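Accompanying notes for the structure given below.
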Number of protein chains: 2
Amino acid sequence: MGRRPTLKTIAEEVGVTVSAVSLALRDDPRISVATRERIQRSAATLGYVYNRHAAGLRRGDSGTVAVCLNDLSNPFFTEFLGHMEARFREAGRMMLFGHANESLDVQAQFIRQMVEHGAAGLILIPVAGTRRDDIAGERARHLENFPVVLISRDVEQTPYDRVINDDALGVQLLFDHLYGLGHRRFVWLGGGKETSTARDRERAFIEAMRAAGLSVDDETIHHGPTSLAFGDTMLERLLGTGEPPTAVLCFSDVIAFGVLAACYRHGLRPGVDLSVTGFDDMGAAAYSSPALTSVRVRTDRIGQRASELLGARMAGDRRPPERVVMPPELVVRDSSGPAPVTRR
Amino acid sequence: MGRRPTLKTIAEEVGVTVSAVSLALRDDPRISVATRERIQRSAATLGYVYNRHAAGLRRGDSGTVAVCLNDLSNPFFTEFLGHMEARFREAGRMMLFGHANESLDVQAQFIRQMVEHGAAGLILIPVAGTRRDDIAGERARHLENFPVVLISRDVEQTPYDRVINDDALGVQLLFDHLYGLGHRRFVWLGGGKETSTARDRERAFIEAMRAAGLSVDDETIHHGPTSLAFGDTMLERLLGTGEPPTAVLCFSDVIAFGVLAACYRHGLRPGVDLSVTGFDDMGAAAYSSPALTSVRVRTDRIGQRASELLGARMAGDRRPPERVVMPPELVVRDSSGPAPVTRR
DNA sequence: TTACGCAATTCAATCGATTGAACCAATGCG
DNA sequence: CGCATTGGTTCAATCGATTGAATTGCGTAA
């Protein structure tokens with residue numbers, strides 16, 4: 001069955017040189033239409049397959065782009081993946097995919113490997129706790145201008161483009177909505193200190209509370225993983241306290257879904273007995289029971305902008321790094337409602 | 001800032017030849033320990049980065065594996081992605097990722113590109129409607145032994161390994177569970193004719209109905225997309241019929257979640273007024289309101305087995321293709337319960 | 001001393017595509 | 001008719017790592 005045909009195979013068949021074939025297959029106008037067609041026809045019948053290793057070796061670009069996520073179980077992140085894969089495929093680039101799973105080591109390994117593969121750029125949702133050197137260190141000093149775009153999470157003092165959501169605005173919108181409905185006893189569920197997202201949302205929450213003249217204490221803020229289980233067990237715990245909150249703001253829709261599950265088991269009606277809000281507005285938020293009030297993070301726009309920025313960098317754009325902050329939108333559904341009248 | 005160092009750079013620094021460096025960096029015993037260490041130290045300080053294009057060109061293997069999904073919005077599929085990425089990374093292989101989004105064209109484009117990239121193998125969840133030639137055609141005749149493993153969905157008469165769930169068994173388990181609870185008026189929601197999964201589940205449902213002496217007519221089976229919206233609107237429609245079902249079996253958890261949402265709005269208590277079951281048992285099934293009875297498809301085992309098979313093929317295994325059928329498990333939760341007493 | 005074996009290293013060809021320079025023939029123009 | 005142009009194609013070097021064969025140097029057995 002012979003080996004895979006190469007430019008040489010075609011060249012011999014058609015009776016021209018390898019150079020002519022190379023040029024013809026890329027529609028270079030230097031080759032006459034007649035021979036170009038003969039060459040292309042021959043390539044087709046021989047079943048020629050372009051060898052990107054050879055091309056990449058010579059040209060130094062493999063036509064790939066690397067993308068690294070760290071939480072596949074959170075549909076919010078896979079939304080990014082879909083948006084970006086589509087855009088890169090349109091641009092004729094393949095995607096090298098990595099899943100760091102919140103591990104700095106895995107992230108570092110991925111970055112090294114994707115450089116070995118000659119990826120032209122990297123889009124990264126940095127692992128929690130990533131610092132500047134975790135990204136630059138692996139890429140080494142020979143890659144000073146290597147295009148990197150961070151999305152969703154910010155890492156300060158990095159020389160990279162970043163496209164993130166306006167988390168402060170999102171929390172503000174949620175708080176104002178709930179405050180306007182009469183709520184005064186708030187709880188914040190989820191997040192922590194490790195990601196910019198968690199920090200920003202929590203800070204905004206605290207500021208909103210202060211601005212409204214409400215106090216923030218140990219009972220107000222509860223850190224934890226972004227999981228259904230966390231939301232579920234935390235609500236259980238809150239119900240045990242003397243004065244349960246009337247509004248529960250969750251760091252992520254995922255946590256809010258867990259809260260809704262616990263509410264259901266306890267016969268609590270979210271939106272009536274208790275208001276629950278999420279964050280991200282993933283697709284499922286419109287179909288939870290009840291439908292979840294959330295903040296729509298524009299993953300499509302963020303993904304698009306990130307692809308654009310990366311594209312520009314790969315094309316040689318050397319302007320100083322940009323920090324794009326994408327405004328989100330409040331989406332009011334049934335899980336939030338007027339504060340219940342205080343019984344006392 | 002100089003170019004990226006190559007073997008040559010190191011060779012000159014250390015005072016040996018390129019060959020020696022190449023061998024030393026791969027720990028070849030032909031190079032003495034002393035020089036090997038000198039070489040490796042030099043590589044480290046120079047910040048040498050392995051060039052896989054050059055190596056791949058010479059050796060013909062790029063160290064990548066391609067994986068193509070087609071529905072990122074369904075967490076069921078991203079579970080596979082996570083399992084497999086982890087296994088390939090451990091094996092030192094990067095993953096070329098594609099998202100066919102149920103488009104045959106995109107899938108074909110992906111397969112062509114990944115061959116160009118010299119991927120060593122392919123794991124594919126074939127797009128609905130894929131036929132034998134859609135896979136083989138793009139790979140062309142020079143790749144007869146190219147390793148391909150299909151997961152989740154079967155394509156008949158293909159010369160590839162396949163790892164799929166035992167869908168017939170899963171449906172049987174669900175049906176028996178519901179029948180045992182006294183249900184007699186069933187409805188099947190979702191699927192269609194395009195994927196083996198949909199066909200197998202539906203066929204098993206029909207057979208179970210017949211075996212139980214129940215008739216299947218136009219009102220029993222409703223095809224549709226695997227989306228929350230489909231489940232939601234279909235339940236609305238069913239409620240409008242004269243004699244609504246007491247048990248709704250959904251092709252996928254995703255559809256079931258949509259059904260639960262509609263139930264909630266109508267004040268129907270799933271598990272009491274109506275039994276609802278899903279399929280796949282994705283993570284969220286345990287946290288819906290109420291928690292969803294489903295069939296756990298072992299994405300972990302399927303992903304693992306698929307990786308193993310692909311690994312064996314890449315290592316040269318030429319045994320005839322295998323068809324692995326993984327048994328699922330019934331998971332009973334709160335969305336299913338005894339059939340309500342018929343009011344008539 | 002010669003020859004041999006062995007370890008360590010080098011030589012040199014190779015993988016397949018790209019590209020700037022060179023070449024050739026035909027045409028146009030003065 | 002000679003010279004410049006230009007369209008079409010070829011030449012030849014190049015990218016960086018790999019590898020089977022060849023070479024070198026050295027100790028040791030004959």
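Order of the sequence lines fixes the chain letters, A, B, ..., with proteins taken first and strands second; residue numbering starts at 1 for each chain. Bear in mind that the values here come from a model prediction, so they are computed numbers and not experimental data.
- Under the 3.5 Å distance criterion, with hydrogens and angles disregarded, no donor-acceptor pair is assigned to the side chains of Arg41(B) and Thr45(B).
- Remark: the backbone N or O of Gly118(A) is paired with a side-chain donor or acceptor of Ser62(A) at under 3.5 angstrom.
- In this model, a donor atom of one side chain and an acceptor atom of the other lie less than 3.5 Å apart for Asp27(A) and Gln40(A).
- Other residues, nucleotides and ligands contribute only 12 or fewer heavy atoms inside 6.0 Å of the CZ atom of Arg301(A).
- Side-chain contact between Met95(B) and Val65(B): absent, with no pair of heavy atoms (C-beta onward) separated by less than 4.5 Å.
- Salt-bridge annotation for Arg87(A) and Glu90(A): absent, with no side-chain N of the basic residue lying under 4.0 Å from a carboxylate O of the acidic one.
- Between the CE atom of Met326(B) and the CD1 atom of Ile302(B) there is a distance of 5.5 Å, given to the nearest 0.5 Å.
- Across residues 20-39 of chain B, Ser22(B), Leu23(B), Arg26(B) each have a non-hydrogen atom less than 4.0 Å from an atom of DNA chain D (numbered order).
- When heavy atoms are screened at a 4.0 angstrom cut-off, Ser19(A) is found touching base atoms of the nucleic acid.
- Note that CZ of Arg52(B) and NE2 of His53(A) are 10.0 Å apart. Values are rounded to the nearest 0.5 Å.
- With salt bridges taken as basic N to acidic carboxylate O contacts below 4.0 Å, none links Arg26(A) and Asp28(A).
- From the 5' end on, the contacts that DNA chain D makes with chain A at under 4.0 Å to a non-hydrogen atom open and close at dG8(D) to dG16(D).
- Neither side chain, Ser42(A) nor Arg38(A), offers a donor N or O lying under 3.5 Å from an acceptor on the other.
- Contacts between residues 54-61 of chain B and DNA chain C, defined by a heavy-atom separation under 4.0 Å, are made by Leu57(B), Arg58(B).
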